[in-house]
Chemist: 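Please see the structure below; I have some questions.
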Amino acid sequence: MEAKPKSQKSFVFLQNSFQKSLKVFLRETGLHGLKFVGDSTLNIWERSFFLIAFVAAFVMTCQLISNIYAKWDSTPVIIGISPHATSIRKVPFPSVTICNMNQFQRSKVIKYKEGSAEFDAMKVLCNPHSEEIERGIEADSPSWTSTINASNTLKITDFVKNHAQPCSQMLRYCRFSGREVNCHEIFRSIITDEGLCCVFNILPAPFLYKSRENESISNFTALGYTPVRWDPESGYPAQLPNLFYPLPAFGTGITMGFTVVLDAQLSEYYCSSTNGPGFKILFHNPITLPNVKEEGLVLGIGYETNFRLAVSRSEAVPTIRGISRDDRQCVFNNEKKLIYHKVYTHNYCENECIAKYLYTACNCIPHSYPHIYQNASVCSVRDAVCIRRAQRPENRQQTANCRQDCLPSCFDLSYAADSLYFPLAKRDFQVSNKLVANMNKTYLLENIAVMNLYYRESAYYGTMKNVYIGFTEFLSNIGGVMGLFMGFSVISIAEMLYFLILKPISELIAWKRGNEKLHDLKTTPTRHPFKQNNSVWHTKELYPKGMSSSKMQPRSKEKVRLVKDRYKY
């Protein structure tokens, strides 16, 4: 029963102390208008006016702060132009992938008869949209399987390698940075979605893949060049050998660019991946594999085509690492590990997602997708219908969840090119290229294509991802709004903390300790009034300082009672 009155007394004391501290705070604070609210010399209407003004300013401040926060939360990253120009010598010259639209050489496949495994492979590659395959895709039990041998395990990759035009026949002349080079020494063969192609200035397989299947594939080794690690985020190593690749450019213009003369061998055409003869060409950075079928540019036969390169580079400041991936919408190289590839790119991530789905659907992985599982087999001819069915748009939606996590790289390097072309010489007159000059004009116009690839500028400005509103800017904006409307500062927080919390609590604690000492005085017996005892309060401790000792002597029971009543609460 005694605890309840004590708690009530403590609450009353704390309430009174808080009211006193609040009055002092209102009188001394630097917040606009509150000093007038706490001024007792003003009448109630004047004090109400300033209180309403303060509340209105507070509401407006909260609204503006919410707008600042919404902008900070919705737009964490801004993309602007890099403030520093980058020389073309600090980035690799683009990898160049060239594919003949002819899938197979006629002299190599004309011998195969209908019903053979090789003929079925040609049917799949030359007529992927044939009515027979489409009927097999639509049917529950594919009719396609009834037209081929169910045991046909012929690998499409092996068939393409053995029957497509080799690079040694396609590439007739190569020149890089003003120096003529052997095409066979700088190009290597690669299997793409467009068949067998030839690629220049790409990193070797051990630098791209975690698998050790293709470690022997390389180029430039015959010229004594050493491959070095490069990626858009880290760039070239600090220490470079004298001869290294991927090669950078050494200047601008056609003279310091890359020139190649191509031979289509029109008489060897059996089936084309498009509606006519020619080449497909793609420019990409040295760590990415070419997607020639979807992104390649057309190079016409009988023409010389000039491609003027422009570099597009994306960069990011390190401070955006503190922003979540979903907000900044990009991934740093070490933030997401892939199964098959060593370096993260957006296309690699999506291709691995599709490869997972195709393996689940057909128990094999097509040759144009990464071999993410070591025990997985490469799809053969008999798997063509299953792969086509799995790749239909309505079925590929099953990979949407996986591909949703494949964000673009924060650092990237790509190339764009504008082109102009003109026909090769139809009559006998001198031309600059001796190989072209010595060719028969009829053969030249029906089989030869010349390509020149070069930079038009020696430096470029990339794009930079930066924090749009950092924490410092966010805090500054909020502080500016609160200072403008309310006169608020950091010291205002200290004032509120002291006057409204710390001071009332400290006074309550001091008051409680005084009551406890007074309680000890009542319950402890006094043996001698003048004997020193640490557990007994002397009368001089119970009275304010400045009073004489004579005044502190109790003259009657009433005065003693008054002293006790004074420290009762």
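The first residue in the sequence is number 1, and the count goes up from there.
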Chemist: Nearest 0.5 Å please: distance from the CG atom of N306 over to the CZ atom of R456.
Modeler: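 Answer for the CG-CZ pair, N306 versus R456, is 13.5 Å.
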Chemist: Does any part of the side chain of L453, heavy atoms only, come nearer than 4.5 Å to the side chain of P94, both counted from C-beta?
Modeler: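 P94 reaches L453 side chain to side chain.
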Chemist: How far apart are the closest heavy atoms of N285 and T288, and which atoms are they?
Modeler: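 Residues N285 and T288, closest heavy atoms: O-OG1, 3.0 Å.
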Chemist: Working note: E233 + E315, criterion side chain to side chain contact (heavy atoms under 4.5 Å, CB included); need CA distance, chi angles, decisive distance, verdict.
Modeler: CA-CA 8 Å; E233 185 169 342; E315 303 175 82; over 6 Å; no
Chemist: To the closest 0.5 Å, what do you measure between CD1 (I354) and OG1 (T399)?
Modeler: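 Atom-to-atom, I354:CD1 and T399:OG1 are 5.5 Å apart.
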Chemist: Do the side chains of H341 and T345 get nearer than 4.5 Å, heavy atoms only?
Modeler: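 Side-chain contact under 4.5 Å: no.
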Chemist: How about N291 and D193: do any of their side-chain heavy atoms sit closer than 4.5 Å?
Modeler: yes
Chemist: Would you check if T252 and I88 make a side-chain contact, meaning some heavy-atom pair closer than 4.5 Å?
Modeler: yes
Chemist: Looking at SG of C197 and CD1 of I191, how far apart are the two atoms once the value is rounded to the nearest 0.5 Å?
Modeler: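 Those atoms lie 8.0 Å apart.
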Chemist: Verify the neighbour count for atom CZ of F332: are there more than 12 heavy atoms of other residues, nucleotides or ligands below 6.0 Å?
Modeler: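 More than 12 within 6.0 Å, yes.
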Chemist: Would you confirm whether the ring centroid of Y455 sits within less than 6.0 angstrom of the ring centroid of Y460?
Modeler: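 So the answer is no for these two rings.
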Chemist: Apply side chain to side chain donor-acceptor pair (under 3.5 Å) to T97 and H284, showing your working.
Modeler: CA-CA 8 Å; T97 301; H284 52 98; 2.8 Å; yes
Chemist: Side chain to side chain contact (heavy atoms under 4.5 Å, CB included) between K356 and I372: does it pass, once the steps are laid out?
Modeler: CA-CA 8 Å; K356 291 177 186 178; I372 56 176; 3.4 Å; yes
Chemist: Test E335 against R325 for side chain to side chain contact (heavy atoms under 4.5 Å, CB included), laying out the working first.
Modeler: CA-CA 9 Å; E335 288 183 328; R325 296 184 197 176; 3.7 Å; yes
Chemist: For the residue pair W230 and Y236, does the interplanar ring angle fall in the parallel (under 30°), tilted (30 to 60°) or perpendicular (over 60°) class?
Modeler: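 Taking Y236 first and then W230, their aromatic rings sit tilted (interplane angle of 30° to 60°).
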Chemist: I320 versus C330: any side-chain heavy-atom pair under 4.5 Å?
Modeler: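 In contact.
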Chemist: What do you reckon, C364 and C379 SGs under 2.5 Å?
Modeler: yes
Chemist: For A390 and Y357, work out which heavy atoms get closest and say how close.
Modeler: O-CE2, 3.2 Å
Chemist: With the side chain counted from C-beta on, respond yes when P232 and I287 share a heavy-atom pair under 4.5 Å apart, and no when they do not.
Modeler: yes
Chemist: Checking K210 side chain against L338 main chain: does a donor-acceptor pair fall under 3.5 Å?
Modeler: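 It does hold such a pair.
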Chemist: If you compare all heavy atoms of F411 against all heavy atoms of A316, which two are closest, and at what distance to 0.1 Å?
Modeler: CZ-O, 3.2 Å
Chemist: For the side chain of H371 and the backbone of I365, is there at least one donor-acceptor N/O pair under 3.5 Å apart?
Modeler: no
Chemist: Give the minimum heavy-atom separation between P366 and I387, together with the two atoms involved.
Modeler: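 That would be CG-CD1, 3.8 Å.
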Chemist: Taking N333 for the side chain and Y344 for the main chain, is one N or O donor matched with an acceptor at less than 3.5 Å?
Modeler: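 Yes, N333 side chain to Y344 backbone: donor-acceptor pair under 3.5 Å.
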Chemist: Walk me through it: do K465 and S314 pass the test side chain to side chain contact (heavy atoms under 4.5 Å, CB included)?
Modeler: CA-CA 8 Å; K465 295 182 180 70; S314 299; 3.8 Å; yes
Chemist: Can you tell me if D383 uses its side chain to pair, donor with acceptor, with the backbone of C386 under 3.5 Å?
Modeler: no
Chemist: Check whether N201 reaches the backbone of F93 with its side chain - one donor and one acceptor, N or O, closer than 3.5 Å.
Modeler: yes
Chemist: How close do F283 and L309 get, heavy atom to heavy atom, and via which atoms?
Modeler: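 Taking F283 first and L309 second, the nearest heavy atoms are CD1-CD2, 4.2 Å.
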Chemist: How about L297 and L282: do any of their side-chain heavy atoms sit closer than 4.5 Å?
Modeler: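 Of all side-chain heavy-atom pairs linking L282 with L297, none is under 4.5 Å.
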Chemist: Can you find a side-chain donor-acceptor pair between H346 and S409 that sits under 3.5 Å?
Modeler: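 No.
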Chemist: For a 4.5 angstrom cut-off between non-hydrogen side-chain atoms, does I190 reach T192?
Modeler: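 The answer is yes, as the side chains (C-beta and beyond) meet within the 4.5 Å cut-off.
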Chemist: Between V331 and R328, what is the shortest heavy-atom contact and its length?
Modeler: CA-NH1, 4.2 Å
Chemist: Please walk me through it: do F258 and F200 pass ring-ring contact (aromatic ring centres under 6.0 Å, His included)?
Modeler: CA-CA 10 Å; F258 179 66; F200 158 79; 4.5 Å; yes
Chemist: Closer than 4.0 angstrom, basic N to acidic O: yes or no for E352 and K336?
Modeler: no
Chemist: Is a side-chain N or O of T463 found less than 3.5 angstrom from the main chain of R313, in a donor-acceptor match?
Modeler: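 A pair under 3.5 Å: yes.
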Chemist: For the aromatic rings, using the six-membered ring if either is Trp, is the centroid distance between Y454 and F307 under 6.0 Å?
Modeler: no
Chemist: Distance check, rounded to the nearest 0.5 Å: K280 atom NZ versus S273 atom OG?
Modeler: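 Between K280 NZ and S273 OG, I get 5.0 Å after rounding to 0.5 Å.
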Chemist: To the nearest 0.5 Å, what is the distance between OG (S414) and CD (E295)?
Modeler: 10.0 Å
Chemist: I'd like to know whether C353 forms a disulfide (SG to SG under 2.5 Å) with C406, so could you lay out the CA-CA distance, the side-chain angles of the two residues, the decisive distance to 0.1 Å, and finally the verdict.
Modeler: CA-CA 9 Å; C353 289; C406 296; 3.9 Å; no
Chemist: How long is the straight-line distance from CG of N43 back to CD of E46, given to the nearest 0.5 Å?
Modeler: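 Those atoms lie 4.0 Å apart.
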Chemist: Determine whether a donor-acceptor pair (N or O, by modelled atom type, separation under 3.5 Å) exists between the side chain of Q329 and the backbone of D326.
Modeler: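 Pair found, side chain donor or acceptor close to backbone of D326.
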